[in-house]
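This is a predicted model, so every value here is computed, not measured.
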Amino acid sequence: MVKPGDFPKDFIWGASTASYQIEGAHDEDGRAPSIWDAFCREPGRIDNGDTGDVACDHYHRYREDVGLMRQLGLDAYRFSFSWSRVLPEGKGKPNEAGLDFYDRLTDSLLENGIAPWACLYHWDLPLALHDAGKGWTSREIAPLFADYATLMADRLGDRITHWATFNEPNVFAMFGYKMGIHAPGIRDYDLYRDMVHGVNLAHGSAIQALRDALPASAQLGVVPNMQPCLPRHDTDPDRLAAARLDAWWNRAFADPMILGKYDPIVSAALGDRIRPGDEALINQKLDWFGLNHYSPLYATADDGPAGYRWANPPEDSEITLMGWNASPEGFRDILIETAERYGLPIFVTENGVADLAEPDAQGRVKDDVRIDFIDRYLAALLEARAAGADVRGYFVWSMLDNFEWAKGYTTRFGVTHVDFETLKRTPKDSFKWLAKLTGKHG
């Protein structure tokens, strides 16, 4: 097993969450609906008809949760703002009660010696913008997102040093606008392409706004989900399909954001959506790369416009509860590849595994599957570092069991068990194992 001494003394240990997945208080203190509030109310969208209305009730219980973070020995906590909590219409007059919540959360983290790492967007677009046609498929979203970034930077920039624009733009783009399995539930290849470019423009505009509003020492980044894209069969058509999936999944956002140019496959598909000056706007200086990773992806040839379709992992794969292929070597390889391609310091901002572990008669939550998974993935991270990848930290997904998007509450990713009836928190065995690894527990 990995040991504390295997990691450099300045290695950052963290945990991540997302606003809609944990906050609850969906209609309190001026918060307005997001696209996820609406999506959860469409029959058949979410397992068991679950919603994030209450979730972990972090909005009211954040002090307890920050206390658990201190017990875990975290250096940093990555969380996202609810855009519709601070700007109910997505623009215009701010909601002071929503801003006050993030003030209190930030101050509580700092009082407990934990650095707040803020993400502007983790999938919960204000419904008002979407309904008005000013969501991600519109170029009008870019200045609105920049205004939102300025609001949060002006409010919290004196205390928060690390900022990210987007969490997993590749995921919410493909799942929400091409496949329709996440909010807002759109299945339209044209709108998907509009949306990809709209998000990239918003990123560039927001980074400019953050640079203007924050101290020069602020560290700005973005958080894509990076996964090796592999051919399901050893054939030329499937190899081409994997290359196409790789372009859309791993390159469609990171390449223009960091390298200043779309991947040729993506560029050809976007066509005249890319106007003169767009790629220069998107390509703003970043200080760090947040890499989320869970598994490899597999592709096979398809006659549709994208030229690929998703495929199941090989039959002999180690499959997790989510149906994903556990592959520490794939994690190692994508860390090395990302470091070489983009040349930025990397922080693993999400990694973890789902299970169904519940408290036993003594109240203990034995989640050996999670301990084994994280241990093997941390060993792969060390291999990537030994190969030259500049990986500087690891944020486990997740601090708490939470609302797992379309899966509702049917799976658990947390190192802290949450009873969704009573909202009682119980540190799992993985929590205690990680606390020893951080070397700062207690």
Side-chain angles (χ1 to χ4, degrees), residues 10 12-19 22-23 25 29-31 58-67 69-70 74-88 90-122 124 126 143-167 202-223 284-290 344-345 347 349 392-393 395 399 440:
D10 60 353
I12 300 296
W13 293 102
S16 292
T17 64
S19 53
I22 67 166
E23 284 182 2
D29 296 337
R31 181 188 179 275
H58 176 73
Y59 186 77
H60 298 111
R61 297 168 182 261
Y62 69 91
R63 289 186 180 88
E64 178 184 0
D65 294 336
V66 172
M69 296 173 205
R70 182 174 180 174
L74 297 188
D75 299 304
Y77 169 56
R78 188 181 73 97
F79 63 99
S80 69
F81 305 124
S82 167
W83 189 347
S84 62
R85 193 180 294 284
V86 298
L87 284 167
K91 59 181 181 176
K93 184 180 179 181
N95 175 32
E96 191 63 29
L99 291 167
D100 283 347
F101 169 67
Y102 295 112
D103 270 329
R104 297 193 303 273
L105 174 59
T106 298
D107 289 344
S108 182
L109 290 164
L110 293 171
E111 288 163 6
N112 284 275
I114 301 165
W117 286 40
C119 183
L120 290 173
Y121 188 81
H122 197 134
D124 47 355
L144 296 176
F145 191 62
D147 289 345
Y148 163 52
T150 298
L151 172 70
M152 302 313 296
D154 286 346
R155 185 67 173 235
L156 296 164
D158 60 332
R159 285 159 286 163
I160 298 179
T161 60
H162 286 74
W163 296 75
T165 51
F166 289 101
N167 181 84
H203 163 84
S205 299
I207 291 293
Q208 285 185 334
L210 291 173
R211 291 287 181 204
D212 289 343
L214 292 170
S217 58
Q219 299 290 294
L220 307 187
V222 69
V223 180
Q284 301 296 316
K285 176 183 178 295
L286 296 180
D287 304 298
W288 57 276
F289 190 108
L344 290 172
F347 294 89
T349 37
R392 301 186 183 182
F395 291 64
M399 183 65 204
K440 295 178 287 294

Would a distance-only check, ignoring hydrogens and angles, find a side-chain to backbone donor-acceptor pair under 3.5 Å from [X] to [Y]?
| X | Y | value |
| --- | --- | --- |
| S80 | S19 | yes |
| Y148 | L120 | yes |
| S108 | R63 | no |
| D75 | W13 | yes |

Could you report the tightest heavy-atom contact between L87 and G92, atom names first, then the distance?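 Minimum heavy-atom contact is CD2-O, 3.4 Å.
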Which heavy atom in C119 sits nearest to a heavy atom in N167, and how many Å separate them?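 Closest pair (atom of C119, atom of N167, distance): SG-N, 3.6 Å.
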Apply salt bridge (Lys or Arg N to Asp or Glu O under 4.0 Å) to [X] and list each qualifying residue two or more places apart in sequence or on a separate chain.
| X | value |
| --- | --- |
| R211 | D287 |
| D124 | none |
| D29 | none |

Not counting sequence neighbours, which residues clear ring-ring contact (aromatic ring centres under 6.0 Å, His included) with Y121? List them please.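 Only W136, F166, F172 meet the ring-ring contact (aromatic ring centres under 6.0 Å, His included) criterion with Y121.
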Under the ring-ring contact (aromatic ring centres under 6.0 Å, His included) rule, collect the residues that match up with F101, sequence neighbours excluded.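 Applying ring-ring contact (aromatic ring centres under 6.0 Å, His included) to F101 gives Y59, Y62.
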Pick out which of Y102, W117, F145 makes a ring-ring contact (aromatic ring centres under 6.0 Å, His included) with F81.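 Option passing the ring-ring contact (aromatic ring centres under 6.0 Å, His included) with F81: Y102.
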What's the verdict on salt bridge (charged side-chain N to carboxylate O under 4.0 Å, His left out) for D100 and R155, showing C-alpha distance, side-chain angles and the deciding distance? CA-CA 9 Å; D100 283 347; R155 185 67 173 235; 2.7 Å; yes
Any side-chain donor paired with an acceptor under 3.5 Å for T17 and Y77?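 On atom types as modelled, these side chains qualify, holding a pair under 3.5 Å.
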So that I can tick it off, tell me whether R85 and E23 are bridged by a salt bridge, with the cut-off set at under 4.0 angstrom between side-chain N and carboxylate O.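 The answer is yes: the pair qualifies as a salt bridge.
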Please collect all salt bridge (charged side-chain N to carboxylate O under 4.0 Å, His left out) contacts where either partner lies in residues 104-113, sequence neighbours excluded, each pair once.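 Matches after skipping sequence neighbours: D107-R159.
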